[in-house]
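Numbered from 1 within each chain, the chains take letters A, B, ... in sequence-line order.
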Protein chains: 2
Amino acid sequence: MATSFSQTEASTGGEGQYRQALMAQAETATKPDMEPDAQKPSSAYLVRVLEDDILNNVLKPGDRLDEQTLARRFSVSRTPVREALRQLASSGLLEIRRNHGATVKRVTVAELIEMFQVMAEFEGLSARLCARRALPEEIAEMRRFNEECDALAKAADHYGFYAANNRMHEVIYAASGNNFLAEESRKLRNRINVYRRHITFQPRRMQNSVLEHARIIDAIEDGNEEAAHRLMREHVDLLAGSAADVVQALETRNRK
Amino acid sequence: MATSFSQTEASTGGEGQYRQALMAQAETATKPDMEPDAQKPSSAYLVRVLEDDILNNVLKPGDRLDEQTLARRFSVSRTPVREALRQLASSGLLEIRRNHGATVKRVTVAELIEMFQVMAEFEGLSARLCARRALPEEIAEMRRFNEECDALAKAADHYGFYAANNRMHEVIYAASGNNFLAEESRKLRNRINVYRRHITFQPRRMQNSVLEHARIIDAIEDGNEEAAHRLMREHVDLLAGSAADVVQALETRNRK
DNA sequence: CTGTGCAAGTGTGTATACAATCATGCCTAG
DNA sequence: CTAGGCATGATTGTATACACACTTGCACAG
């Protein structure tokens with residue numbers, strides 16, 4: 001399982017555990033009427049299920065989603081299926097082309113780097129706002145989660161670290177006081193999480209994260225906006241660093 | 001319901017001109033199959049029309065959009081209307097509550113400030129990326145548009161300035177080389193444009209913008225990422241405070 | 001006079017039917 | 001043998017019909 005970092009998703013051994021972690025995370029923002037039957041809001045249910053399938057790589061990039069097939073599969077008519085597909089498309093997870101069906105969006109390396117850059121900026125702004133207005137209790141909560149991350153990193157618990165890390169960033173969103181930013185961050189984070197979780201498996205990645213978090217929290221506590229912003233951006237930007245920058249420049253700009 | 005139009009004309013005398021400017025801007029990103037009849041993609045057409053109506057304040061915040069009424073109005077069935085409404089809702093322009101209809105989202109002052117903060121960060125990142133990799137031709141283009149802005153500012157042509165200003169920022173998006181960022185920026189810009197354009201009318205706002213643009217372009221040309229980022233953020237951030245005033249003015253005006 | 005309950009009406013959510021458009025495969029002609 | 005066109009099939013987009021849920025108004029009881 002340690003070698004599941006290779007780009008091919010051949011080893012799906014830990015899928016279940018990830019799924020549980022994701023579920024637990026999603027559960028917090030879910031309405032109470034999420035009974036196993038849940039017949040009423042059929043389209044909303046479909047959105048959740050399909051989203052999970054895409055995010056967990058059950059539906060792979062390029063897979064075609066046929067309205068009729070899905071309708072039969074879920075025992076509903078095409079109408080709610082259709083609605084769900086459009087919604088997922090507007091979230092950026094699907095691509096819909098006229099009379100060509102809906103396909104799971106293929107994310108290119110360039111696009112992924114682009115999204116990470118934006119994510120880094122989101123989190124950077126969050127950190128900046130935290131430095132400006134985070135309450136002592138909130139800062140204490142950040143430290144608690146980071147210590148949790150530390151313990152899980154030392155235990156080499158990738159799944160636990162992944163979840164704790166998400167919770168820590170969630171605290172930062174909340175403490176930023178900017179709900180719009182928090183919501184956009186969550187959306188984008190959802191989209192790149194399927195890739196982000198692979199990073200957890202990089203050697204020394206977890207330990208480095210804990211250290212970087214600590215520095216960020218220090219900057220927030222000091223009220224040092226610039227440092228908090230910069231450190232957080234660099235923290236998130238590590239994957240989309242300058243080396244990848246070259247790749248992006250080559251892929252998106254074929255000018256001479 | 002649709003007759004609440006006359007009241008608007010008095011206060012927004014230049015609506016037509018704005019509409020033209022917006023149309024011209026939107027036209028650039030529109031597919032060629034946009035014939036005057038355009039019966040085929042009914043839902044897409046509805047999205048455009050309703051979006052324009054919302055963005056141009058023809059449909060005011062809080063207005064209720066009834067599926068059946070809209071279906072009759074556009075001589076289509078409820079299905080495409082429904083699809084259009086859902087799409088607009090996911091863009092954040094509408095709010096849909098169960099059995100409560102779709103209403104034009106009321107933007108509070110706090111939300112608007114939040115959006116401007118994110119916008120500032122988007123544009124700041126754009127400027128940073130430009131400083132890293134903008135080509136000389138692109139920088140020259142920025143300067144050209146800024147000179148155009150300057151001329152229009154001196155001529156007190158608010159509408160022209162608004163459009164030229166948009167084009168200049170568009171160049172920066174393009175030169176950033178980050179298509180995802182550019183797309184997200186456009187979406188958010190669309191959502192706050194209805195308020196942003198009012199700012200153009202504030203005294204000395206146009207002249208100040210031209211100066212700030214010049215400094216930003218200088219930083220980009222120097223390859224000074226930090227300065228470009230900071231200057232652009234401050235440039236957009238300045239608008240946030242003004243925008244808050246505008247919202248309050250609009251809210252009080254729409255209430256009576 | 002106020003609060004609760006019931007009923008009717010409106011409006012959304014889903015299902016099914018139909019039309020139109022695009023893709024695919026075969027046939028024919030060069 | 002290849003290329004192009006036509007026909008057929010499949011799939012999406014739209015229309016209409018129906019069922020259920022919510023809201024709103026009124027009435028009655030406390």
Side-chain angles (χ1 to χ4, degrees), chain A residues 30-51 54 59 62-106, chain B residues 1-2 30-51 54 59 62-106:
Chain A
T30 308
K31 280 173 279 184
D33 73 309
M34 196 184 156
E35 304 311 331
D37 42 5
Q39 292 111 339
K40 318 301 170 51
S42 177
S43 67
Y45 171 73
L46 290 180
V47 169
R48 280 210 316 279
V49 171
L50 292 177
E51 197 175 44
I54 295 172
L59 290 170
D63 279 4
R64 191 162 171 181
L65 296 183
D66 181 14
E67 291 183 1
Q68 304 191 89
T69 307
L70 288 174
R72 278 196 301 270
R73 184 191 182 114
F74 289 102
S75 301
V76 295
S77 79
R78 271 180 52 220
T79 310
V81 170
R82 202 178 156 69
E83 213 153 275
L85 290 182
R86 310 301 275 223
Q87 197 166 332
L88 290 171
S90 78
S91 302
L93 285 92
L94 294 183
E95 212 165 6
I96 294 182
R97 286 178 301 184
R98 284 179 63 86
N99 296 315
H100 215 275
T103 55
V104 179
K105 172 139 191 178
R106 262 181 219 285
Chain B
M1 154 205 154
T30 310
K31 280 173 279 184
D33 73 309
M34 194 185 155
E35 303 313 332
D37 41 5
Q39 291 112 337
K40 316 303 170 52
S42 178
S43 67
Y45 171 74
L46 290 181
V47 169
R48 280 210 317 277
V49 171
L50 292 177
E51 195 175 44
I54 295 172
L59 291 169
D63 279 4
R64 192 162 171 179
L65 297 183
D66 181 15
E67 292 183 2
Q68 307 193 84
T69 309
L70 288 174
R72 279 196 299 271
R73 184 191 180 113
F74 290 101
S75 301
V76 294
S77 80
R78 270 180 52 220
T79 309
V81 169
R82 202 178 156 68
E83 213 152 275
L85 291 182
R86 311 299 275 225
Q87 197 167 331
L88 290 171
S90 77
S91 301
L93 284 91
L94 293 183
E95 213 165 4
I96 294 183
R97 287 177 301 183
R98 281 181 66 86
N99 297 313
H100 214 274
T103 56
V104 179
K105 172 138 190 177
R106 259 180 220 286

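By the side chain to side chain donor-acceptor pair (under 3.5 Å) test, A:Asp63 pairs with no residue at all, sequence neighbours left out. With sequence neighbours excluded, the residues forming a side chain to side chain donor-acceptor pair (under 3.5 Å) with B:Ser90 are A:Ser90, listed by chain and number. When the side-chain contact (heavy atoms from CB on, under 4.5 Å) test is applied to B:Ser91, the partners found at least two apart in sequence or on another chain are B:Leu93. B:Arg82 meets the side chain to side chain donor-acceptor pair (under 3.5 Å) test with A:Glu83, B:Glu67; sequence neighbours excluded.
Shown for residues 64-80 of chain A: residues whose heavy atoms fall under 4.0 angstrom of DNA chain D, namely A:Asp66, A:Glu67, A:Gln68, A:Arg78.
Going from atom CD1 of A:Ile96 over to atom P of C:dC22 covers 16 Å, rounded to whole Å. In this structure, B:Glu83 atom CD and C:dT12 atom C1' are separated by 16 Å, rounded to whole Å. The separation between B:Arg82 atom CZ and D:dG13 atom C1' is 15 Å, rounded to whole Å.
Within the model, atoms CG of B:Leu59 and OG1 of B:Thr103 stand 11.5 Å from one another, a figure rounded to the nearest 0.5 Å. Atom-to-atom distance recorded for B:Asp66:CG and B:Arg73:CZ is 12.0 Å, nearest 0.5 angstrom.
Inter-residue side-chain proximity for A:Leu50 and A:Leu94 is flagged as unmet; no heavy-atom pair is nearer than 4.5 Å.
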Practice prompt. Could you please spell out the steps behind the side-chain contact (heavy atoms from CB on, under 4.5 Å) verdict for B:Leu70 and B:Leu46?
Written response: CA-CA 9 Å; B:Leu70 288 174; B:Leu46 290 181; over 6 Å; no
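Taking side-chain N and O atoms only, A:Arg97 has no distance below 4.0 Å to OP1 or OP2 of C:dT21.
Bending across the helix from C:dC1-D:dG30 to C:dG30-D:dC1, expressed as the angle between its end axes from five pairs apiece, amounts to 10° (10° rounding).
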